[in-house]
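Here is the structure we will look at.
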Number of protein chains: 2
Amino acid sequence: MPTVSRVLNGSKYVAPDLAQRVNEAVQALGYRPNGAARSMRSGRRTLVSVLAGATANYGYARTLQGVETAARRAGMSVSITVVESGEDEHVRAAIDLTLAQPTAGVIVLEFDRAGINAAKALPEGLPVVVAGGGSRRTGQVPAALIDERAAGRQATEYLLHLGHRTVHHIAGPTEGKHSGRTDGWRAALTAAGAPAPQIMRADWDASAGYRWGERIAGMSDVTAVFCANDDIALGLMRALSDRGIDVPRDISVIGFDDQPLVALWRPSLTTVDQDFEDLGARAFGLLSQVIGGEPDAASSVKAPQLVVRESTAPPKG
Amino acid sequence: MPTVSRVLNGSKYVAPDLAQRVNEAVQALGYRPNGAARSMRSGRRTLVSVLAGATANYGYARTLQGVETAARRAGMSVSITVVESGEDEHVRAAIDLTLAQPTAGVIVLEFDRAGINAAKALPEGLPVVVAGGGSRRTGQVPAALIDERAAGRQATEYLLHLGHRTVHHIAGPTEGKHSGRTDGWRAALTAAGAPAPQIMRADWDASAGYRWGERIAGMSDVTAVFCANDDIALGLMRALSDRGIDVPRDISVIGFDDQPLVALWRPSLTTVDQDFEDLGARAFGLLSQVIGGEPDAASSVKAPQLVVRESTAPPKG
DNA sequence: CTGAAAGCGCTTACAG
DNA sequence: CTGAAAGCGCTTACAG
């Protein structure tokens, strides 16, 4: 049995012919070492857990994909547990479920309240890394980040440079002053001396954007809108279109995410490209460092790119 | 120690006050049982593995979501491993990685060649269930299915009933005669005595649809196109629109999936609604039965729904 | 280079 | 109701 173990784990101190025979037997019997026993005895763990407020939404799914790819290449598996909401009860249930597995470490997607609260509630002493949209790490755990603030500022400045007096903003549901996108939007307005209109709040989906579109259609002072994500922007554009308002001639619209389909829209959407796969890969790399005991696992920040398409133009008149 | 175990596992034979003290100590120390040791000793496994050719694409992500939700409610975690392609090497690597974890069972997403081959290569004796788009189970393992054939037939019949002489079809990449969508399309044409045009093949993404759109714009005999998924349909519609061809007046288009955004498109897309979340939930339920040793875990089939919107109309003239 | 022995952290009969 | 003892299936020093 120790010999089998040595062969399977590639120890060098095994006679070639013995190793050969072991391998044949393993093949013939379809033997697979019991992962639980293996991890218990060796202390080596090969499961990485992702904790997230959702899985199927574009950004979540892509980040998860980035984690999975990086983990697989490193020989590790990834488990996923959804945190249903930011409520204590849901946060605790998700953490309990995750930690019932022999996990090597946890990656938390801090894209929403559920993720933020989960990151806070995780016990000490466990390798943890967060992935999110800040411009610098917030807690004590290392973070892989996308600088939403810079992107929000850039998008807003672009509209201002086109000649718009100000830029309206439809923010996401859980965003307060802590949303990077909203922060960047406000900073750009302040820097330009432009008035800051009331923030419009919406859920992340297109129907929320559509409802705001119905109202914006009746507001004569709106010439440019920066939306917190692409779905909201698309819903908004459809509502405006349904009311005979032309984008971008009457109103310019910018989204956030750069989902694949928004380039096909008519008009195609100007938006901010977030590289979620890269975010997931960076988060995994960081977690590997933490698991490996590297003392100075450094947080990383990347700036997303503004992608200019057809939905933005100078104001008319 | 046995007492602690009994308290944590809710055995009734523990004095209330002792249980109380144990719970307090557990709280204070932040003690969590080692999952590996637990699963090894008890033989109970709480990890379900999903094997899939992708994770972020709409159908995959939604099915995964369905699995995760159902698993979580049953107190189980889910791991995800991507099978990079249908090549032996990738299939084997993915299976090895998955089975290195102490998994209770495997759900294979048979949405593509990678998934189909993975299902075939899984060793005997392991609880396995497949989820896919057939109308009946194909192998010996139980399956949760969506009846794509019926849907493909229904979509095609709908176009025929509108008065189209025939219906063109853009199929997905790996689809041969075994694609339910394509089978259903052909069956409808045959039943109606309509001529079956050459199948057009495309990758699953919008750009593939766009390229076919460029060619179809030059084909005078095309009045209706049934696309294997929504992305292809949207790419096609954009290409037609770019060439001044009106959908649905000049050409009718039907997609497959009913992604959230296609209802917002202009024109909104007639498509087939597949309930992927339900598919994932059914797959997990089936796997639970298999794990539980139920002898007659029955495959389930559901029919997707045709959703009629603006992209389809009678042929002109 | 290769076996016998110990032990990872739990749970489960087993005695009391 | 509650401890002492065995054992799940591996890996890792330890002798040889």
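Lettering follows sequence order; numbering is per chain, from 1.
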- Note on the structure: Side-chain atoms of B:Ala37 come closest, of C:dC10, C:dT12, D:dG3, to C:dC10

- Message: Expressed as a whole number of angstroms, how long is the span from A:Arg45:CZ to D:dT11:P?
- Response: 16 Å

- Message: If you only use heavy atoms from C-beta on, which nucleotide in C:dC10, D:dC10, D:dT2 is closest to the side chain of B:Arg41?
- Response: C:dC10

- Task: Let me know the distance between CZ of A:Arg44 and P of C:dG9, rounded to the nearest Å.
- Result: 15 Å

- side-chain hydrogen bond (donor to acceptor under 3.5 Å, both in side chains): pairs with one or both residues in residues 285-294 of chain A, sequence neighbours excluded: none

- Message: How many whole angstroms separate atom CZ of B:Arg21 from atom C1' of D:dG3?
- Response: 14 Å

- Message: Taking the side chain as everything from C-beta on, heavy atoms only, tell me whether A:Val50 gets closer than 4.5 Å to A:Leu109.
- Response: yes

- Message: Starting the side chain at C-beta, find the nucleotide from D:dA13, D:dG3, D:dC10 nearest to A:Arg6.
- Response: D:dA13

- What distance separates B:Asn117 CG from B:Arg92 CZ, expressed to the nearest 0.5 Å? 11.5 Å

- Note on the structure: DNA chain C in dot-bracket form (Watson-Crick or G-U pairs under 3.5 Å, [ ] crossing, | inter-strand) is |||.||||||||.|||

- Item | Atom-to-atom span, CE of A:Met40 to C1' of C:dC10 - whole angstrom | 7 Å

- Query: Of A:Ala36 and A:Ser42, whose closest DNA chain D nucleotide lies nearer the 5' terminus?
  - Reply: A:Ala36

- Query: Between A:Thr63 and A:Gly59, what is the shortest heavy-atom contact and its length?
  - Reply: OG1-O, 2.7 Å

- Query: Of the nucleotides C:dT2, C:dC8, D:dC10, which has the atom closest to the A:Ala15 side chain?
  - Reply: C:dT2

- Query: Can you find a side chain N or O atom of A:Ser5 that sits less than 4.0 Å from OP1 or OP2 on D:dT11?
  - Reply: yes

- Message: What is the distance, to the nearest angstrom, from the CG atom on A:Asn34 to the P atom on D:dT11?
- Response: 10 Å

- Message: To check you understand the geometry: which heavy-atom pair defines the closest contact between A:Val48 and A:Met76, and what is its length?
- Response: CG2-CE, 3.8 Å

- Task: Could you give me the CA-CA distance, side-chain angles and deciding distance for A:Lys302 and A:Asp278, then say whether salt bridge (charged side-chain N to carboxylate O under 4.0 Å, His left out) is met?
- Result: CA-CA 9 Å; A:Lys302 277 214 185 164; A:Asp278 174 72; 3.3 Å; yes

- Query: Are A:Tyr31 and D:dC10 close enough that a side-chain N or O sits under 4.0 Å from OP1 or OP2?
  - Reply: yes

- Message: Whether B:Arg38 contacts C:dT11 is assessed here as follows: a side-chain N or O lying under 4.0 Å from the phosphate OP1 or OP2. Is that the case?
- Response: yes

- Atom-pair distance (CD on A:Gln20; P on C:dT2), nearest Å: 13 Å

- Message: D:dT2, OP1 or OP2 - any side-chain N/O from B:Thr3 closer than 4.0 Å?
- Response: no

- Message: With rounding to the nearest 0.5 angstrom, report the CZ to OG1 distance, B:Arg21 to B:Thr3.
- Response: 10.0 Å

